[in-house]
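The structure appears below as structure tokens.
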Protein chains: 2
Amino acid sequence: MHILVVDDDRTLSDLLAFTLRRAGYDIHLAFDAPGALTAFQQMAIDLIVLDVNMPGKPGLKDGFDVCQAIRQSSDVPIILLTVRDDEEDVVKGLKLGADDYILKPFSPRELVARVETVLRRAASGKAKVDAPYLFGEISFDPHLRTFCRQGTDPVSLTNLEAQLLEVLMLNRGQILPAELLINQIWGPGGGSQEMLRQLIRRLRVKVEIDPESPELIQNLPGIGYGFGL
Amino acid sequence: MHILVVDDDRTLSDLLAFTLRRAGYDIHLAFDAPGALTAFQQMAIDLIVLDVNMPGKPGLKDGFDVCQAIRQSSDVPIILLTVRDDEEDVVKGLKLGADDYILKPFSPRELVARVETVLRRAASGKAKVDAPYLFGEISFDPHLRTFCRQGTDPVSLTNLEAQLLEVLMLNRGQILPAELLINQIWGPGGGSQEMLRQLIRRLRVKVEIDPESPELIQNLPGIGYGFGL
DNA sequence: CAGGTATGTGATAAATGTGTGACAAAATGG
DNA sequence: CCATTTTGTCACACATTTATCACATACCTG
């Protein structure tokens, strides 16, 4: 599994490479926008970790241009690297076709988790969702595990609740089989219908206006659950 | 990791070089302003330790001119060396784009700690924060390790407490994963959740009005801690 | 209609995360 | 060297999250 890391900052590149190699990936480095395109064209890359700010040249001056150029001919998964102050950058990048983002500073575990999530989504063949954590008046921040509905206070979710909501929102409009949800949240061999039921319950209590008449998270009997149907 | 040390005082240069080599860095020396620029242009330098007073030539007559010249084309981290009486020099240098300063005389540990902090900041990709150590009625001096809240006596912090507060304040408004804090304070493979918890405790006792209801340093369960949320 | 299954709900037990205090070990300064 | 301070380790308390169990309700089928 080959990952291309694009960042002009050598210290950060080395950290990224070290972390991802340790997680079992083959890493290739590029340090500017033209180098990124060249590397991508010369190697079979499975995912790109792409810093937003980096030196380039006219027509290819930063990470956004790289993202846009790659998207003209490929749907390889792209994860943006940006700092927290640059939320416009995140939105811009996602609109240009990036799949996810990582906020600096990040923990190694966060990085690996993001990479694995994005690779899983790509492997499942699901089309990308624009603004995956927005839905009408609702927004969800998977990094802070915070659910926001306009006009109400932000709600903090627990780790498992946030994982469930993330999977549901990334696959909005569809019913996900219970078995798949259990597998994604508890891993192979973990979890149970019972545990999923309780987790659904807890999540509904936190995110639905009236949990007893749920509108966001709905059930198809005998199959599973979906978000935003 | 290559560090360029610029100082006309050979004894001090040797001390600086010895200390930083012992900490694992590759050291390059320059002894005047023109030599500094030449060395910087000929090598891949990751950080410059730059004495303020040193011989130069017209247009490049001291450390400030070097700093200014380098900043026209590079954002390599720069640490100024100056004596304690020259606070105007410090302000002048920081305005010209230096990242931090070290006051002579200094301890080897102080030097290494400053270098590591500045490299870490550079690696995090975070733009320099204006007045990073001010926050409302609070101020923190990382060199003196002194925490001040208006209307109360200054509080002296230990080395680790000051390191933790520095990381938190430089990333104010964000939750920093515990793993990242541990890594930054104790280095790769060092520290533990246990040790972080104790350090958080000790720091809260010193800086919070009521450590049992902390307002400055807050926890996001399962993720980490943040300052000024 | 009765029985079985799926799903929702609540309560409690178990597990995990975080805060606090005490003491040992290590580091530091005079 | 010794006294003091700092840091690390351990134990326990408390808070939160997750797992388990029990029961209720809805729906479908024979």
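So you know, we letter chains A, B, ... as the sequences are listed, proteins then strands, and number each from 1. Only a predicted model underlies this, so the values are computations on that prediction, with no experimental measurement involved.
- OP1 and OP2 of D/dT16 both lie 4.0 Å or more from every side-chain N or O belonging to A/Thr158.
- By the 6.0 Å and 45° rule, B/Arg10 stacks over the aromatic ring of B/Phe31.
- Proximity of B/Arg202 to the phosphate of D/dT6: no side-chain N or O atom is located under 4.0 Å from OP1 or OP2.
- Listed pair B/Tyr225 / C/dG17 fails the phosphate criterion, with no side-chain N or O lying under 4.0 Å from OP1 or OP2.
- Closest to the A/Glu194 side chain, of the nucleotides D/dT18, C/dT9, C/dT18, is C/dT9.
- A/Arg149 places a side-chain N or O within donor-acceptor distance of the main-chain N or O of A/Val207, the cut-off being under 3.5 Å.
- Backbone-only engagement by A/Glu212 is indicated by non-hydrogen atom pairs under 4.0 Å involving sugar-phosphate atoms exclusively.
- Contact annotation: B/Arg201 side-chain N/O to C/dT20 OP1/OP2 distance is under 4.0 Å.
- Nucleotide D/dT7 holds its P atom 16 Å from the CD1 atom of B/Ile182, rounded to whole Å.
- Between the side chain of B/Asp99 and the backbone N or O of B/Ile78, at least one donor-acceptor pair lies under 3.5 Å.
- Look at NZ on A/Lys206: it is 8 Å from P on D/dT18, rounded to the nearest Å.
- Between B/Phe135 and B/Phe227, a ring centre-to-centre spacing shorter than 6.0 Å is recorded.
- A straight line from CG of B/Leu199 to C1' of D/dT9 spans 14 Å, rounded to a whole angstrom.
- Distances shown here put a side-chain N or O of A/Trp186 below 4.0 Å from the OP1 or OP2 atom of D/dA19.
- In terms of polar N and O atoms assigned as donor or acceptor, the side chain of A/Gln198 never comes within less than 3.5 Å of the base of C/dG8 in a complementary pairing.
- In this structure, A/Gln193 places its CD atom 16 Å from C1' of D/dC21, rounding to the nearest Å.
- Remark: A/Arg204 is in phosphate contact with C/dG8, judged by side-chain N or O atoms under 4.0 Å from OP1 or OP2.
- Using a 4.0 Å heavy-atom cutoff across all strands shown, A/Ile185 reaches no nucleic acid atom at all.
- In this structure, the CG atom of A/Leu157 is 15 Å from the C1' atom of D/dT18, given to the nearest Å.
- Put simply, CG on B/Leu203 is 14 Å from P on D/dG8, counting in whole angstrom units.
- B/Leu160 has its CG atom 11 Å from the P atom of D/dT6, to the nearest Å.
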Inset, instruction - Take B/Glu166 and B/Arg114 through the salt bridge (charged side-chain N to carboxylate O under 4.0 Å, His left out) test and state the conclusion after the steps. - result: CA-CA 11 Å; B/Glu166 186 170 3; B/Arg114 287 288 108 208; 3.2 Å; yes
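- When rounded to the nearest whole Å, the span between CD1 of A/Ile217 and C1' of C/dG8 equals 14 Å.
- Remark: A/Arg197 is not in phosphate contact with C/dT9, judged by side-chain N or O atoms under 4.0 Å from OP1 or OP2.
- Two residues, B/Asn159 and B/Pro221, neighbour DNA chain D, and the one matched to the more 5' nucleotide by heavy-atom proximity is B/Asn159.
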